[in-house]
Amino acid sequence: MSLKVKSLKELAAAPQWLTPGHRMCAGCGAPIAMRQLLAAAPRRVVVGCATGCLEVATTIYPYTAWRCSFIHSAFENTAATMSGVEAAYRSLRRQARVEADFVFVAVGGDGGTYDIGLQSLSGMLERGHRVVYVCYDNGAYMNTGVQRSSATPKGAATTTCPAGEASPGKRQPRKDLLAVASAHGIPYAAQAAPSHWRDLVRKAEKAFRAEGPAFLNILAPCPRGWRYDTAQTIELTRLAVETCFWPLVEVEEGRWSITFRPKKKKPLLDFLKPQGRFRHLFEGQNLKMIEEMQREVDENWRRLEALERLTAPAEGLRRSS
Amino acid sequence: MPRRADRPALLQGNEACARGAVTAGVRFFAGYPITPSSEIAEILARLLPQVGGKFIQMEDEIASMAAVIGASLAGRKAMTATSGPGFSLKQENIGYAAMAEVPCVIVNVQRAGPSTGLPTSPAQGDVMQARWGTHGDHPVVVMCPSSVKETYDLVIECVNWSEVLRVPAVLLMDEVVAHMRENVILPRDDDVVIWDRPAPDLPPGHPDFLAYRPGPDDVPPMARFGDGYRYHVTGLHHDERGYPLHQGSKAEELVRRLHRKVERRRRELTKVEWTVGEHSGPALPEGLAEGRGRGAGRTVVVAYGAVARSAEEACRGLAAEGRDVALLRLVTLWPFPDEACRLAAGLAAGGGEILVVEMNLGQVAREVERAVGGRCPVRHYGRVDGELITPAEIAAEITGQRGS
């Protein structure tokens, strides 16, 4: 897919579907991710949003921060709700009973996507609805007070996987949702981070152009849940990418590619250290857990590189395309 | 968790719920975050591992309920906690637990609905859902606390009844009771009565053991998975072996037995509290029930949950002014306390009335009407705006001083 990415100037002039003045917390990564994503929208958007921080804090009575049609669905089914919207819209378009041209965006946090919304997401991807599904992944149920989700990284403390004498925080690694989504054979799936905005916008543009469902998983740091200074959000996001904790990758028609390779891969420690949710890892016997987590990050990177080689088009094919 | 008795503790309703569950012997909790019940999960995530129990956070409420059923079948006392939208998702499996006779406790901290509603505001809109939320005729036990201490007591009652009757039990809290903090003195663990599910009296592997052959109380003894009994569990209609059946009369027999086992214990199950003047207790003061119907203009208020606290305050205030008022507080909601409502009607007959006050549009009021069968007028006062009904509102409603 050849693509000219919008310039910063063009992006700044793009319609702001999510306006400033919402009440997301200071330092929250979610609205930054959403604004970058929506700046790439080629047409008017319809947004479906699962229950979560973004929904709650952008639609506090008597205001809404959304300059578009907005559906707050139940927690578990924003993908199904948007499937209905998109299918009905397509039908109306075919019958020439609606003229407006829309793109459809379904949004959920990691709880509403990795956990309770997974069945609904899977159905939407399998049926092939032309909807861009966006997960803003802050790694826990932040809206209800920081309970673990299947996106919570190993070693993190939450209220339902507390760290203490008997427990090092969460014991299970994060679910690889990008792999799950791409396994549906959809045209486009990617992982992005707002620190690398150009990469994010390019991925968003590809997602909007995809002839079918697209899935984007965007890292969205949460100062309340991760326990760090609100000014560090972008810095922390960058560290997540540069330590390869959050690799920037995309899967286009089944082809995996790493879209950003850190010149010098930083130790995972750099990402963990500023965050209160990992503080206990730096004490006593938990230190070996950091080594374990580092090994898993390294292993995952090797796996991504292997996937990239494995799914690369043959040399001749690449030249001719 | 060793605890010294007689020492007051400042507890939140949700915390009392979690601690009561541990005292009752709950050793398995599967849950999913939802306001305003999340603290129950958070506290049990810490408490249960300390007593050899297991906490699991599941991927949604459907899974939480299913895991609770699985854990109960495996032999552990199991519980989950949720609020409106989550309670809706759990319904199919609650029906399964009723049909397969799997003891389990579901805590529903009610918030204002329908749908996502007002997630942080109280309501009492799930009374009928607690009774009839899952499809088909099924038995259920539902209790409703008005205070932090009572939350502790009733979660234990729910666990006990659920175990001995092998029936799902619902603790129907509300956001006010859940988040209210009160000084409470918890009983010593030794002073708490704990009931266990009936165990098979035949040894494992005995050919005469039938997993669903009821005892004289209509409750079949319950084997644990792994004990060596042949135990086939299904949500289909089933015979005494637990195998699916298609025969109409046998199916009806099963459903009727499921109801009968709860109905048999109705008298013990249905708890209420009367407040008349200085008197406060589970029964009417001596002589009052006999001399019923004296006071034309007497109002008997019926309330439950947090609203009952407001009603009590209103009634005490009016009684001190010489007004003839009484309060019937429902502690058990299902099976419905018909008998107590008839007593209330007796008190109000001859010119008085029953006033049902609740944070919904008349879910209990209609049950009261049914129970009293026209013996006295039944009036309803309700709010569904997520605000707790205040004593002043209730007093004004009783004295007729509310602007219409």
Side-chain angles (χ1 to χ4, degrees), chain A residues 49-53 55-57 59-61 71-78 81 108-122 138 140-152 156-172 175 177 180 225, chain B residues 12 14-15 18 29-67 80-90 109 111-121 178-179 385-386:
Chain A
C49 193
T51 302
C53 291
E55 166 269 319
V56 168
T59 62
I60 291 177
Y61 180 82
I71 306 165
H72 166 209
S73 65
F75 196 12
E76 67 277 15
N77 53 25
T78 186
T81 305
D110 48 288
T113 306
Y114 283 68
D115 291 344
I116 196 169
L118 187 65
Q119 174 174 326
S120 167
L121 171 64
S122 176
N138 53 28
Y141 292 81
M142 300 309 185
N143 184 41
T144 47
V146 199
Q147 293 87 12
R148 62 93 87 185
S149 76
S150 56
T152 303
T158 72
T159 56
T160 51
C161 58
E165 268 173 54
S167 161
K170 194 180 174 223
R171 293 169 194 273
Q172 303 85 356
K175 184 188 285 179
L177 192 60
V180 174
Chain B
Q12 187 194 54
N14 279 343
E15 190 173 1
F29 182 97
Y32 189 73
I34 185 164
T35 306
S37 80
S38 297
E39 293 88 356
I40 298 170
E42 291 174 354
I43 293 163
L44 285 172
R46 286 178 181 274
L47 290 188
L48 281 178
Q50 296 175 36
V51 292
K54 181 76 188 166
F55 166 90
I56 313 186
Q57 188 181 315
M58 298 296 288
E59 69 271 23
D60 60 24
E61 284 96 347
I62 298 172
S64 310
M65 194 62 225
T80 184
T82 189
S83 184
F87 195 50
S88 293
L89 287 175
K90 288 180 193 293
V109 183
R111 65 191 221 186
S115 190
T116 315
L118 298 165
T120 56
S121 302
H179 285 157
D385 60 352

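Every chain is numbered from 1, with letters handed out A, B, ... down the list of sequences. In this text the structure is predicted, and so the values were computed from the model without any measurement. All values below come from the heavy atoms of this structure, side chains included, with hydrogens, waters and symmetry mates left out.
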Side chain, backbone, both or neither: which part of B:Leu89 has an atom under 4.5 Å from a heavy atom of chain A?
side chain
Is it the side chain or the backbone of B:Ser115 that comes within 4.5 Å of chain A heavy atoms, both, or neither?
neither
Under 4.5 Å to a heavy atom of chain B? For A:Glu76 that would be side chain
So with a 6.0 Å cut-off around NZ of B:Lys54, is the heavy-atom count from everything else above 12?
no
Should the ring pair B:Tyr32 and A:Phe75 be called parallel, tilted or perpendicular, given that the plane angle runs from 0 to 90° and is split at 30 and 60?
tilted
ring-ring contact (aromatic ring centres under 6.0 Å, His included) filter on B:Phe87, not counting sequence neighbours, yields none
Ignoring hydrogens and geometry, is there a side-chain-to-backbone donor-acceptor pair from B:Gln57 to A:Gln147 under 3.5 Å?
no
Say you draw a straight line from [atom1] of [X] to [atom2] of [Y]; how long is it, rounded to the nearest 0.5 Å?
{"X": "B:Ile34", "Y": "A:Asn143", "atom1": "CD1", "atom2": "CG", "answer": "10.5 Å"}
{"X": "A:Leu118", "Y": "B:Asp60", "atom1": "CG", "atom2": "CG", "answer": "10.0 Å"}
{"X": "B:Met58", "Y": "A:Ile116", "atom1": "CE", "atom2": "CD1", "answer": "12.0 Å"}

Counterpart residues, salt bridge (Lys or Arg N to Asp or Glu O under 4.0 Å), relative to B:Glu59 (two or more places apart):
none
For a quick test of reading the model, state the closest non-hydrogen atom pair linking B:Pro33 to A:Thr144 and the distance between them.
CB-OG1, 3.4 Å
Any non-hydrogen side-chain atom of B:Glu39 less than 4.5 Å from a side-chain atom of A:Thr159?
no
